[in-house]
Amino acid sequence: MFKKIIKGGRKPSKSDDGFGNAGHHRTGSGPGNVVVNHASRAVTNPPPMQSVEPLPLFRDVPVSERQNLFLRKLQICCFQFDFGDTLKSVREKEIKRQTLLELVDFIQSGSGKINENCQEEMIRMVSVNIFRSLPPNSHESTGQEPADPEEEEPYLEPSWPHLQLVYEIVLRYVVSSDTDTKVAKRYIDHSFVLKLLDLFDSEDPREREYLKTILHRIYGKFMVHRPFIRKAINNIFYRFVYETDRHSGIGELLEILGSIINGFALPMKEEHKLFLVRALIPLHKPKAISIYHQQLSYCITQFVEKDYKLADTVIRGLLKYWPVTNCQKEVLFLGELEEVLEATQPAEFQRCMVPLFRQIGRCLTSSHFQVAERALFLWNNEHIVGLIAQNRGVVLPILFDALEKNIQTHWNQAVHGLTVNVRKMFLEMDAELFEECQRQYEEKESRAQEVEEQREMTWKRLADVADKRDDMITA
């Protein structure tokens with residue numbers, strides 16, 4: 001999917017092994033046969049291993065032999081095991097785990113600089129272990145209706161004892177000061193990054209946490225990959241919003257983006273503004289927004305704090321996707337709206353205040369008390385009250401009917417009390433305007449009552465005429 005959408009992933013050659021390593025040839029038939037031979041290299045790789053056997057520790061061999069031992073240990077780590085059966089290959093699994101631990105310690109200690117050949121083989125070993133088909137979600141495999149993602153039990157990867165250590169190796173390699181990005185970018189390339197992003201759909205939260213940290217570090221260290229990573233994340237969001245409506249790693253991707261947005265230089269590029277409009281704001285549409293809303297709200301607020309002129313765009317975007325029947329989602333939107341308004345300047349506020357307060361007015365009269373209560377809590381924010389006070393001539397006439405309706409008919413006592421406080425606040429802001437709004441409201445109610453009385457009289461006349469006609473027919 002991504003290779004069709006994203007231009008920049010290189011086209012695999014006929015001799016490509018599927019991990020972005022063209023020109024490499026496997027030998028033998030065992031799972032550990034990941035050794036490569038380049039005619040152009042003087043370094044000779046050790047022969048492929050056919051079984052998992054313990055190797056000596058790094059400290060037990062001369063420094064001159066450590067690179068060769070490193071390659072042999074990588075071969076052991078390329079063997080794959082069935083973790084569905086806990087009694088199968090117990091000894092081999094433990095040997096591999098211990099070998100992975102030794103590799104982590106070796107890279108972290110920096111006791112020996114890893115040459116280019118070893119780096120290539122290490123990334124190949126990582127690819128063999130982590131790049132795999134993820135198991136289908138429960139509803140996909142059973143044919144049942146998809147459950148609420150918040151209520152689903154997360155699937156925990158059974159091979160995690162090995163997988164965690166492989167991720168640790170990648171992380172230590174990326175953050176190491178000994179890692180030369182000019183060399184490393186040949187192996188941590190666009191193909192590697194795309195496959196890493198595919199794994200964000202893993203249901204295992206432990207795996208997604210590692211992926212988040214690693215991708216963030218890659219973004220920070222490999223400047224050449226930054227536009228590509230942003231574009232690839234864009235495409236994941238597009239597919240989630242407009243096609244699948246399900247993805248396990250949206251929250252983690254948004255966490256990475258929150259940090260990236262924080263580092264955007266000013267004035268903000270048009271590309272970044274388009275990302276806000278086309279990718280971030282539509283993320284308010286899916287039903288599962290509650291899972292990642294905190295991270296999304298942070299990203300949105302970062303944009304407004306960076307460039308206050310974007311406040312109007314963001315608020316209108318929220319109004320576009322405002323929920324109609326989902327009250328819990330509406331409460332989330334009101335919380336996010338408060339954060340955005342806190343960073344909004346008067347000029348931007350004036351551009352969107354009419355549609356904004358029409359929506360807030362609908363929230364005030366919501367029969368769901370949490371929605372009405374959350375909307376009334378906006379008046380606890382001094383900055384928002386200041387914006388309202390400056391534009392009370394427009395805001396109060398829009399909200400007055402909703403306030404009066406709440407005081408007269410709302411069933412919840414807390415909402416009733418908060419409404420009285422807000423009404424009093426408006427009265428203290430501008431008594432003359434308040435009295436004018438009240439006069440207009442009373443006139444409107446009086447006219448409505450006259451219309452209702454007239455309608456009842458018309459129906460009564462029609463009923464009388466119908467009764468007379470019935471009497472004439474029976475007579």
Side-chain angles (χ1 to χ4, degrees), residues 12 15-22 24-37 45-55 68-107 117-136 141 154-173 187-189 191-204 206-211 214 248:
S15 57
D16 202 317
D17 69 355
F19 294 112
N21 299 299
H24 303 156
H25 304 282
R26 294 179 185 268
T27 57
S29 58
N33 301 314
V34 293
V35 182
V36 298
N37 290 305
N45 290 333
M49 301 177 70
Q50 301 301 328
S51 62
V52 176
E53 295 297 335
L55 293 171
N68 192 51
L69 179 60
F70 187 86
L71 290 170
R72 291 173 67 200
K73 287 183 183 289
L74 289 175
Q75 288 184 19
I76 286 179
C77 296
C78 286
F79 279 86
Q80 300 289 291
F81 299 105
D82 177 14
F83 279 83
D85 185 350
T86 54
L87 301 176
K88 192 175 179 182
S89 308
V90 176
R91 175 179 170 275
E92 289 81 358
K93 287 175 184 174
E94 181 58 22
I95 291 172
K96 179 177 175 179
R97 193 183 72 83
Q98 289 296 336
T99 305
L100 285 166
L101 275 170
E102 289 173 39
L103 291 172
V104 171
D105 291 340
F106 183 75
I107 295 167
N117 186 42
C118 290
Q119 288 181 53
E120 182 176 13
E121 294 308 316
M122 181 177 67
I123 295 301
R124 182 91 63 80
M125 180 278 290
V126 167
S127 299
V128 166
N129 280 278
I130 69 173
F131 297 147
R132 66 205 189 281
S133 296
L134 296 173
S141 54
Y155 168 82
L156 298 179
E157 176 60 50
S159 63
W160 185 246
H162 288 182
L163 208 56
Q164 179 184 15
L165 295 172
V166 176
Y167 279 124
E168 196 66 38
I169 287 170
V170 186
L171 181 58
R172 297 299 168 195
Y173 172 66
Y187 316 117
I188 298 181
D189 55 6
S191 174
F192 185 91
V193 169
L194 272 183
K195 288 172 182 173
L196 210 60
L197 282 163
D198 283 343
L199 293 172
F200 272 86
D201 203 15
S202 168
E203 289 188 47
D204 194 326
R206 302 168 301 180
E207 182 168 15
R208 296 199 305 271
E209 192 65 26
Y210 261 103
L211 287 164
I214 290 166
S248 302

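This is a predicted model, so every value here is computed, not measured.
Contacts of F200 classified as ring-ring contact (aromatic ring centres under 6.0 Å, His included), with partners at least two apart in sequence or in another chain: none. Scanning for side-chain contact (heavy atoms from CB on, under 4.5 Å) contacts around N129 gives Q80, K96, M125, V166, with sequence neighbours left out. Checked against side-chain contact (heavy atoms from CB on, under 4.5 Å), E157 has the following partners two or more places apart in sequence or in another chain: R132, Y155, S159, L163, D204. Take E102 and apply the side chain to side chain donor-acceptor pair (under 3.5 Å) test, not counting sequence neighbours, and it matches K73. E94 is linked by a side-chain contact (heavy atoms from CB on, under 4.5 Å) to R97, Q98, counting only residues two or more places apart in sequence or in another chain.
Taking the six-membered ring where the residue is Trp, Y167 and W160 present tilted rings, their angle falling between 30° and 60°.
Distance alone, capped at 3.5 Å, is enough to place a donor-acceptor pair between the R208 side chain and the S248 backbone.
When all heavy atoms of E53 and I76 are compared, the closest pair comes out as O-CD1, 3.1 Å. Minimum interatomic distance between V170 and V126 (heavy atoms only, all atoms of both residues): CG2-CG1, 3.3 Å.
Distance check: D201 CG to E207 CD gives 10.5 Å after rounding to the nearest 0.5 Å. Interatomic distance, L100 CG to D105 CG, rounded to the nearest 0.5 Å: 11.0 Å.
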Please report, to 0.1 Å, the donor-acceptor pairs under 3.5 Å made by any side chain of residues 81-90, with sequence neighbours excluded.
residue: D82; atom: OD1; partner: G84; partner atom: N; Å: 2.8
residue: D85; atom: OD1; partner: L87; partner atom: N; Å: 3.1

